[in-house]
There are 2 protein chains.
Amino acid sequence: MKPTAKQVAHEAGVSISAVSRAFSPGSSIDADKRQRILQVAVQLGYTSPARRTAEVISAGTVTLVAGDLANPFYPLVLDTLAKALQAVGRQLLVYAIPPQTDMDQLTPQILAARPNALVVTSARLTSGMAQACRQHGIKVVLLNRIQRDVRVNAVACDNHAGGRDAATFLMARGRRRIGLIGGIADTSTHRERVQGFREVLQEGGQSILAEATGDYTYRGSYVAVQSMLSRKDRPDALFCCNDIMALAAIDAARERGLSVPADLSIIGFDDIPMAGWTSYRLTTIRQPVTRMVSEVVSLIHDGAHVPVDETTTSILPGKLMIRGSA
Amino acid sequence: MKPTAKQVAHEAGVSISAVSRAFSPGSSIDADKRQRILQVAVQLGYTSPARRTAEVISAGTVTLVAGDLANPFYPLVLDTLAKALQAVGRQLLVYAIPPQTDMDQLTPQILAARPNALVVTSARLTSGMAQACRQHGIKVVLLNRIQRDVRVNAVACDNHAGGRDAATFLMARGRRRIGLIGGIADTSTHRERVQGFREVLQEGGQSILAEATGDYTYRGSYVAVQSMLSRKDRPDALFCCNDIMALAAIDAARERGLSVPADLSIIGFDDIPMAGWTSYRLTTIRQPVTRMVSEVVSLIHDGAHVPVDETTTSILPGKLMIRGSA
DNA sequence: TCGGCGTTTGAAAAATTTTCACGGAGGCGG
DNA sequence: CCGCCTCCGTGAAAATTTTTCAAACGCCGA
């Protein structure tokens, strides 16, 4: 038997009118009373017809939180995700947040929109946010990011293997003075790429000659590479934790009159469209964006009935794209 | 007196039940009949209570339709717009559509989400869509695009003046064999930039030496420039209708062993972040993205009470950024 | 202390949604 | 080809919800 407003009213000790009012935004009712009614309603599983159609209308909304749209990799992800969601009749809400901030300030705003699912990319999910989402039954997927401190779904490229591939490739080319331009230290992408890379070097009896951080930005990397190249024993190869940093490295090397790859091999990570442009021809690890996005969509869309606390982590293989820079 | 379902039913010649069904998604009713009822409802100004609360819940949603996220200019716009809307407590829904398609297929999906406003950038708005939006009271803003065939708001950079500035600058530098790489012929951005550019040349007694189209893409421009540079009387300057095409032009010129700007001056349009990168240092016309976006937000947010058929067109000045490529 | 004035409330009226039964269209097996 | 069955669309009526209305309450300024 379907629960009615009458039952809720009786249970909460109020009139039917009050129940109706609790469900229509903007009507004059005491906040506490509304809260109590809503709570009873949840217990009994009651929703007003208005709320019901509202939910149907806004059904299928997925919210994407992106922290770094300046890195062309994320627009690529956004474009792919938007099209994939449209294809299954869902909508994509986008929040852009300043890089390296966490999303706690946005929590109320994001939850107010009642999305079905939340996709977080290049931003830090706080455990408070994760918990709030679980309570509201909102599925969360971390894209291109793994966080061990929260229990949510995650889809990422195999960054560790990618780092290994990069190192193996450089060693096979006979490079021995190898430098590293890191991203942002407390991101899983940075840690895993670096770890895989370092591992292979150590297995081959090598170690990283020089290491600097480029903040995953063009400018940060440019400055870091410039100073690294002015050292006495400058490296003959550079692994950059993402593509824009690698492009900056190429620019910095050229600025110094060095030839890429003759004097300096450079290898990136992501394979953004610009990596294939003629003046760069960047050798890089391609992230399987399309596959990552379909994984996200299947988690959200096909797995709509899966309970929110049953989480999956997908690690998809990247692919070394050999072009001219290494 | 507020209109009721009874009146709508009488007017449309159906039962009250039918009216109710027309407003609840998923109920069994003939599509034609629903259409007719909805039309009468709009005439009388009737909305079901369910629809009413739904609208309050999803209030403040703005839908962005973007056609070309591969051009870094649009992610820049997206990022700026998303942040500006967040700041005033609104949400941004994003639709990505394949370049050069119009949006008629998406119309039902977009309208189903009942946004408050629609921002269209790098996509063609059809008059059917515009009319549907007007009927639903959805405000439409064309961003970086002007269309004379539909009566909607528009915000754009002064493309005509930008084209003039580019030409003036090249002429002042003594360039006389000037080529043009166009974008997509039936876009206002292309037309106006080209027209302004051509005007100044003619005023100075010059004309365009060679003209080709690059489809606003890197690859398209690269191919066009390659063939243009292999002509006997190759140009000594090139105006490209956007920045990625200009970057492609620089790459193509270098590939041929030409020096930029000594052998070939290149000037672009947009000022995307990459234009400032060290290996390009592209001279270009900067679009005032921040101002354009605030204009859009004020049109949508501050002008929320302005009737939808009262439309404004804002043309904001661009700015010539002189770097190293011309 | 005494009126406004605005908010909150339940009862009742009004309106809407849902159920129910019916009629007709189309598919399927005999 | 016919009958039967199912499924869709429909209006009337029942059930449910929303809105109106008038009353009660508290707050503030005079």
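Throughout, protein chains are lettered first and strands after them, A, B, ... in sequence-line order, and every chain is numbered starting at 1.
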[N] [atom2] sits how many Å from [X] [atom1], rounded?
X: A/Phe23; N: C/dT17; atom1: CZ; atom2: P; answer: 16 Å
X: B/Ile29; N: D/dG11; atom1: CD1; atom2: C1'; answer: 12 Å
X: A/Lys6; N: C/dG10; atom1: NZ; atom2: P; answer: 16 Å
X: B/Ile16; N: C/dT17; atom1: CD1; atom2: P; answer: 11 Å
X: B/Ile37; N: C/dT17; atom1: CD1; atom2: P; answer: 12 Å

>> Should the side chain of B/Arg34 and the base of D/dG9 be counted as holding a donor-acceptor pair, with the cut-off at 3.5 Å?
In response: no
> Do B/Thr4 and C/dA14 share a donor-acceptor pair, side chain to base, under 3.5 Å?
Replying inline: no
> A/Asp30 has a side chain; which of D/dG11, C/dG10, C/dT9 sits nearest to it?
Replying inline: C/dT9
>> Looking only at the side chain of B/Ser17 (C-beta and beyond, no hydrogens), which of the listed nucleotides C/dG10, C/dT9, C/dT18 gets closest?
In response: C/dT18
Measuring from atom [atom1] of [X] to atom [atom2] of [Y], what distance do you get when rounded to the nearest 0.5 angstrom?
X: A/Ile37; Y: A/Tyr46; atom1: CD1; atom2: OH; value: 10.5 Å
X: B/Thr47; Y: B/Leu38; atom1: OG1; atom2: CG; value: 11.0 Å
X: A/Thr290; Y: A/Leu81; atom1: OG1; atom2: CG; value: 11.5 Å

> NA contact type, B/Ser48, heavy-atom cut-off 4.0 Å: base, sugar-phosphate, or nothing?
Replying inline: sugar-phosphate
OP1, OP2 of [N] versus side-chain N and O of [X]: anything below 4.0 Å?
X: A/Ser20; N: D/dT17; result: no
X: A/Tyr46; N: D/dT16; result: no
X: B/Lys33; N: D/dG9; result: no

>> Go through it in stages, so that I can follow the logic: the residues are B/Tyr216 and B/Ser122, the test is side-chain hydrogen bond (donor to acceptor under 3.5 Å, both in side chains), and I'd like the CA-CA distance, side-chain angles, deciding distance and then a yes or no.
In response: CA-CA 11 Å; B/Tyr216 279 144; B/Ser122 83; over 6 Å; no
> So which one's nearest nucleotide on DNA chain D is more toward 5', A/Ala5 or A/Arg21?
Replying inline: A/Ala5
> Within the side chain of B/Thr121, is there an N or O that forms a donor-acceptor pair under 3.5 Å with the backbone of B/Leu143?
Replying inline: yes
